[in-house]
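Have a look at the structure below, then the notes.
Both backbone and side-chain heavy atoms feed into the values below; hydrogens, waters and symmetry mates do not. Chain identifiers are assigned alphabetically (A, B, ...) following the order of the sequence lines, protein sequences preceding nucleic acid strands; residue numbering begins at 1 within each chain.
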Amino acid sequence: MTTATKPTTGSTGATGPTGATGSTGSTGKQRRRRNTLVGWSFILPNFLGFAALTLIPVIGTLLLAFTNWNSYTTPEWIGFDNFRRMFDDGNFWTALENTTWYAVGHIPLTLVAALGLAVLLNRKLKGVGVLRTAFFFPYITSLVAVAVVWNMLLSPELGPVNQFLKFIGIANPPGWTTSTEWSMPALVITSVWRDMGYYMVLYLAGLQAIPGELYEAARVDGANAWKRFWHVTLPGLRPTTFFVLVMLTVSSFKVFDLVQVMTEGGPGRSTLVLSQLIYRQGITQGRFGYASAISLVLFLIVLSITLVQFQLQRRSER
Amino acid sequence: MRKIPARALTAAVAVSLLAAGCGGGGSDSGTTSDGRTVVKVALWNYDTTPEFKALIEGFEAENPKIDVQPVDILADDYADKVTTMLAGGDSTDVLTMKNVTDYSRYATRGQLKSLDSQVEALDKASYSGLDPFELDGHYYALPYRHDFWVLFYNKALVKPTGADLSNLSWADFASLAKEITKGKGTDKVYGTHFQTWRSPVQAIAAAQTGGDQLGGDYGFFKDQYELALDLQKSGAMMPFGTAKSQQVHYKTVFESGKVGMVPMGSWLAAALLEDKAKGVTDVDWGIAPMPQIKADGKTTTFGSPTAFAVNKKAKNPSAAEKFVEWASGPKGAAAIAKVGVVPAYTGDEVQKAYFAVKGMPSDELAAKAMKPDAVNLEMPVSDKTADVNQILDEEHELVMTGERSVEKGIEEMNKRVKSEVQ
């Protein structure tokens with residue numbers, strides 16, 4: 001390191017006429033520049049990867065949204081035609097509606113389930129570690145396996161779920177993934193089951209960060225368990241809840257894998273979601289311009305919801 | 001001192017990257033170290049698709065100067081992968097055309113070499129499945145295999161009824177299926193099984209009535225839907241919802257003896273032969289012609305040919321052409337007939353080789369089934385095919401699960417194909 005700096009200081013010394021103060025000023029500047037360069041060089045490998053694999057493709061997608069491109073010809077600039085087409089495309093609206101339904105079901109249910117589990121398992125019980133692991137397990141299980149097994153569980157005739165429902169006296173149990181009415185609830189149930197363990201872990205970390213004195217003080221003031229939960233636990237978890245909410249929103253709107261494996265968007269179009277439409281239009285049909293336009297719209301939807309969440313969070317903090 | 005290793009490391013990385021780059025180019029020179037010309041063939045599931053091995057080994061035995069190397073791709077990803085390869089300017093010599101739709105996509109984009117002169121030399125009288133490959137009078141692929149749908153039946157279940165399967169109408173088929181159905185719960189035997197695809201209902205209706213699956217007017221599906229729904233309702237066929245959610249596979253239910261008759265593509269024969277040889281199943285099976293809508297004594301069914309094409313950017317185009325020609329000709333046909341696969345070339349010799357396969361049903365009924373009077377294309381080829389396919393698939397599901405009545409379903413198909421497909 002020292003060998004590298006020596007000649008440069010020497011050379012500034014040689015230019016001398018600016019005097020002693022100027023010389024220290026320029027070495028300060030140089031040091032800052034050097035520090036910046038060192039900093040850049042540290043993040044460069046990562047940034048290069050990010051730029052090549054994420055940033056440039058994302059910008060490319062933005063541009064492609066305004067073109068007609070099938071991956072063979074040169075993209076043809078068509079302005080807003082793709083968006084006009086989207087506006088008239090029944091499949092787009094169906095997918096948007098379905099995605100919203102999925103989000104409206106998946107976000108609150110997962111949030112409540114994860115919080116409930118975390119509160120239940122945030123105590124010193126025998127075997128609590130085993131239980132925590134058990135609830136986390138679905139999250140690390142292969143999604144394809146999850147989808148296939150749940151499909152079997154929910155099978156209308158032979159599935160254990162419906163057999164049980166019949167046993168407790170429900171004569172006409174739902175058709176789940178084979179009926180347009182119940183296919184989305186079936187997906188939501190499966191995804192809540194899969195995701196709640198992950199968010200439970202986040203909540204557990206949040207719970208452990210709440211100081212015990214607050215509970216003690218509340219107890220001294222005569223607050224019962226419910227009041228302590230409402231006035232101590234929930235406010236204490238606000239940063240965690242905010243984070244969980246944002247993550248859940250993003251993951252709900254871009255849901256793809258579970259739907260693709262479990263229902264393939266069916267029956268009919270009852271579970272067709274936006275990411276699936278993007279996949280079909282882009283990869284299957286080769287309409288990369290149109291698919292990019294849909295993904296741009298999806299991006300804007302998620303972005304605006306997240307911005308609203310940030311606004312609300314900021315307001316509530318005031 | 002500390003700087004030297006860092007510099008050395010950078011240099012080493014740079015050199016190794018360059019070397020890797022050169023190495024990649026070098027090994028792709030198109031010849032093997034012992035001077036044989038390399039022909040790379042893009043295909044799928046090499047290990048479980050015996051026809052590829054039969055073709056490659058047969059060809060190499062006759063052409064010792066050529067080394068045919070399989071480029072194995074997962075069957076489900078085949079079309080996407082080949083599309084990506086071609087977009088990247090890949091030089092794989094021979095491309096297998098899994099279906100006609102993908103073929104027309106590659107050919108119209110100018111990615112395949114014209115094979116017109118090879119087609120002219122063909123003995124067209126004993127060659128089937130060529131027509132769908134014609135694009136404006138030109139051919140860019142030669143079919144080597146031609147699967148079409150027949151009726152597989154379980155002899156132990158069908159024989160006791162004494163039914164004659166040689167000339168079934170769909171109504172006969174339905175009552176026979178109901179007759180075979182017996183048992184309950186896990187012992188239940190279904191008369192028939194329709195795979196959840198739309199083809200067993202829609203493609204059959206199109207082939208036998210002459211209806212157009214791209215036309216946007218699907219009234220001709222009606223009878224076939226009513227038949228399928230009646231079979232389902234009477235219990236002679238597994239409910240669609242169960243089959244779909246349990247991902248029931250036609251081969252599994254047929255091999256376990258749980259179903260009497262399965263309309264299916266002739267490829268099932270090869271799979272059954274293999275499983276029987278392995279001892280996976282001991283089902284005693286036969287082949288009969290597809291049941292018919294029209295009672296004119298003629299057998300009409302549908303099918304789809306599989307072909308080889310030569311990449312326009314092929315490294316060794318002349319060797320590649322040689323392979324394609326050989327594979328689709330009599331010798332290639334004989335090679336794949338021996339593994340129970342139906343070749344596109346169907347001379348008497350080849351037929352004989354097909355029925356001589358150990359375990360292949362060789363009775364008169366099978367012979368009739370394997371010589372249909374007409375084999376129509378499963379789905380017509382056009383730039384609308386993929387979109388129409390999607391719509392028909394979605395509506396098929398809704399009709400079969402009872403979410404929509406047949407009339408409403410057909411109405412919806414008509415409406416959506418007309419409004420959504422541009």
Portion of B:Arg416 that has a non-hydrogen atom of chain A nearer than 4.5 angstrom: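 Just its side chain gets close to chain A.
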
Under 4.5 Å from any heavy atom of chain A, what part of B:Ile391 do you find: side chain, backbone, both or neither?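 Contact with chain A: none, neither part.
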
Counting neighbours of [atom1] on [X] that are heavy atoms of other residues, nucleotides or ligands and sit closer than 6.0 Å, is the number greater than 12?
X        : atom1 : answer
A:Phe137 : CZ    : no
B:Lys233 : NZ    : no
B:Lys178 : NZ    : yes
A:Phe83  : CZ    : yes
A:Trp193 : CH2   : yes
B:Lys408 : NZ    : yes
B:Lys313 : NZ    : no
A:Asn35  : CG    : yes

Start with the C-alpha distance between A:Glu157 and B:Thr242, add both sets of side-chain angles, then the distance that settles side-chain hydrogen bond (donor to acceptor under 3.5 Å, both in side chains), and finish with yes or no. CA-CA 6 Å; A:Glu157 307 275 319; B:Thr242 307; 4.6 Å; no

Salt bridge present between A:Arg269 and B:Asp393 (N-O < 4.0 angstrom):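 Here A:Arg269 does not pair with B:Asp393 in a salt bridge, since their nearest N and O are not under 4.0 Å apart.
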
Let me confirm one number: the CD1-CG distance from A:Ile283 to B:Asp77, rounded to the nearest 0.5 Å.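 Atom-to-atom, A:Ile283:CD1 and B:Asp77:CG are 11.0 Å apart.
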
In Å, rounded to the nearest 0.5 Å, how long is the span from CD of B:Glu397 to OG of A:Ser183?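 Between B:Glu397 CD and A:Ser183 OG, I get 9.5 Å after rounding to 0.5 Å.
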
Do you know the tightest heavy-atom contact between A:Gln285 and B:Ala386?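 A:Gln285 and B:Ala386 have their closest heavy atoms at OE1-CB, 2.8 Å.
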
Heavy-atom pair with the smallest gap, counting every atom of A:Val261 and B:Gln247: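 Closest pair (atom of A:Val261, atom of B:Gln247, distance): O-NE2, 4.4 Å.
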
Among [options], which has the most heavy-atom pairs under 4.5 Å with chain A?
options                                : value
B:Ala87, B:Gly110, B:Gly402            : B:Ala87
B:Thr83, B:Thr401, B:Val399            : B:Thr83
B:His396, B:Arg404, B:Gln111, B:Glu395 : B:Gln111

Is there side-chain contact between [X] and [Y], with heavy atoms separated by less than 4.5 Å?
X        : Y        : answer
A:Glu264 : B:Lys244 : yes
B:Ser245 : A:Pro156 : yes
B:Gln246 : A:Asn151 : no

Chain B contact via A:Ser179 - which portion, at a heavy-atom distance below 4.5 Å: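 Both parts, heavy atoms under 4.5 Å.
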
Side chain / backbone / both / neither for A:Asn91 at chain B, heavy atoms under 4.5 Å: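 Just the side chain, heavy atoms under 4.5 Å.
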
Checking B:Glu403 side chain against A:Thr180 main chain: does a donor-acceptor pair fall under 3.5 Å?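 Checking the backbone N and O of A:Thr180 against the side chain of B:Glu403, a donor-acceptor pair under 3.5 Å is found.
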
Run A:Arg280 and B:Asp387 through salt bridge (charged side-chain N to carboxylate O under 4.0 Å, His left out) and show every step you take. CA-CA 10 Å; A:Arg280 274 187 200 168; B:Asp387 286 312; over 6 Å; no

